[in-house]
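Here's the structure, in C-alpha cells; my notes come after.
Chain letters run A, B, ... following the sequence lines, proteins first, then strands; residues in each count from 1.
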Amino acid sequence: MGGVPELAEVEAYRRLAEEVVGRAVAEVVAPDGWYLKRGLTAPVVAAALAGRRVMAARRIGKLLLVETDGPVLGLRFGMSGRLLVDGRAAVDNLLYGPGRELEKWDRFALRFASPAGGDLRMRDPRRLGGVELDPPEARLGPDALVVTPAALARLLESGAPLKARLMDQSRLAGVGNLAADEVLWRAGLDPSRPARSLTAAERCRLHRHLRATMADLLARGGSHTGDLMPHRQPGGTCPKDGTPLVRRTVGGRTTWSCPHHQR
DNA sequence: ATTGTGGCCTGCCCGC
DNA sequence: TGCGGGCAGGCCACAA
C-alpha cells in the first residue's frame, strides 16, 4: 500500500483509526501551527478535544473524520500524509514520499489516556495536509465508491474536461489524479472530452468503471495499483493495445492516456 | 456562478 | 561529490 492519499489510502487510514474508538484524549500535540486550518490554533484544538472520547471514524472521499463526543476532527492528508496509530501505519510508504521515517514530520497527534494509552499521529513530510475541527462536510460531493448513476450524470452537465469534473471534490469525493487516469483508461474515454459530450451509453460505462475501479484499487491496496500505473511514464505503452501513451496536462494535472482506445 | 491558473510544501532525481 | 532545477499532486486563493 502506498500511492498517494486518495480514496483507497484514506479508507485504510480510516480502518486504522477505528482502533482508537472508545479511547479518551489525554493530550493534543499540535507543534505545527501552519498545519491547523480554517483559523484553528493549538490552544483552541487542545481545549476542544481534551477529555473527549473517540466515537467513530468516518470517511468522505479523501477526508477522514474522527468523531468524538465533542467536535469532529477532520484530517486531510495532501499527497504525503500518513496516519499512525500506536506507532503503526496502515500504509508503508507513499509514491512521492521519502523513504525514511522521521518524527520531525509528525504534524499533529492525539495522545490517549490510560488504560488504553497510545496515540494517533499524522506524519506528513511535505505539509500539504491539514487538520480542522467540524469540517464542512456538505462541501464534498458523494463518495466515489457509492455514487449513483443519476448523481454522476448531474455532475457531468458541464463543458469542463471530463477528468477535471471527476476530480472536483465538491462534486465527487475521492478521485485523485492516479485514479482518474485509471478510470478513464478502463472506460475508454478521452480525459479532455467536455463532460457533457458523453452519450448516455458512455455515462453508463463511466459509472460502472468508476465504482469498479475505486473498489478495485481499494482491494488491491492503493491508488498506485491500477493496470495503467506501471506504464504511466516516458516511453510507456498502453497495456491494452500497445499504443504509445500520451502525456499532457488536463484540468491542471499531469495526464496519461491512450490516444487509440480512449475516445 | 463557473472554469482555469498558480502557488503552497518538501524530498527525490537528473544533469552538470 | 555537490548543487540547482524540475517534478510529483491535493487543495485553496484568486483571476477571468
How close or far is atom [atom2] of [N] from atom [atom1] of [X], stated in whole angstroms?
| X | N | atom1 | atom2 | result |
| --- | --- | --- | --- | --- |
| A:Gln233 | B:dC14 | CD | P | 12 Å |
| A:Met122 | C:dG10 | CE | P | 15 Å |
| A:Tyr35 | B:dC8 | OH | C1' | 13 Å |
| A:Lys37 | C:dG10 | NZ | C1' | 11 Å |
| A:Leu155 | B:dA1 | CG | C1' | 17 Å |
| A:Met167 | C:dA8 | CE | P | 13 Å |
| A:Asp168 | C:dC11 | CG | P | 11 Å |
| A:Arg193 | B:dT3 | CZ | P | 17 Å |

Any idea which of [options] is nearest the [X] side chain?
| X | options | answer |
| --- | --- | --- |
| A:Lys62 | C:dG10, B:dT2, C:dC12 | C:dG10 |
| A:Trp105 | B:dG11, B:dC9, C:dC11 | B:dG11 |
| A:Ala160 | C:dC12, B:dT3, C:dG10 | B:dT3 |
| A:Arg126 | C:dG10, C:dC11, B:dT10 | B:dT10 |
| A:Arg247 | B:dT2, C:dG10, C:dA8 | C:dA8 |
| A:Pro161 | B:dG11, C:dC11, B:dG4 | B:dG4 |

Which is true for [X] with a 4.0 Å heavy-atom rule: it touches a base, it touches only sugar-phosphate, or it touches nothing?
| X | answer |
| --- | --- |
| A:Gly78 | sugar-phosphate |
| A:Arg139 | nothing |
| A:Gly81 | nothing |

Donor + acceptor pair across side chains of A:Lys163, A:Thr255 (<3.5 Å): yes

Donor-acceptor pair between A:Arg248 and A:Ser257 side chains, under 3.5 angstrom: yes

ILVMFWY cluster membership beyond A:Met55 - transitive side-chain contacts under 4.5 angstrom: none

Pair A:Glu9 + A:Arg59: basic N to acidic O under 4.0 Å: no

N-O pairing of A:Arg38 and A:Glu132 below 4.0 Å: yes

Think [X] has a side-chain N or O under 4.0 angstrom from the OP1 or OP2 of [N]?
| X | N | value |
| --- | --- | --- |
| A:Trp34 | B:dC8 | no |
| A:Arg232 | C:dA8 | no |
| A:Ser158 | B:dT3 | yes |
| A:Thr254 | C:dA8 | yes |

Residue closer to the 5' end of DNA chain B, A:Gly159 versus A:Arg127 (nearest nucleotide): A:Gly159

Whichever of A:Arg107 and A:Arg165 has its nearest DNA chain B nucleotide further upstream toward 5': A:Arg165

A:His224 to A:Met229 - nearest heavy-atom pair and separation: O-CG, 3.1 Å

Base C:dG10 to side chain A:Arg253, donor-acceptor N/O within 3.5 Å cut-off: yes

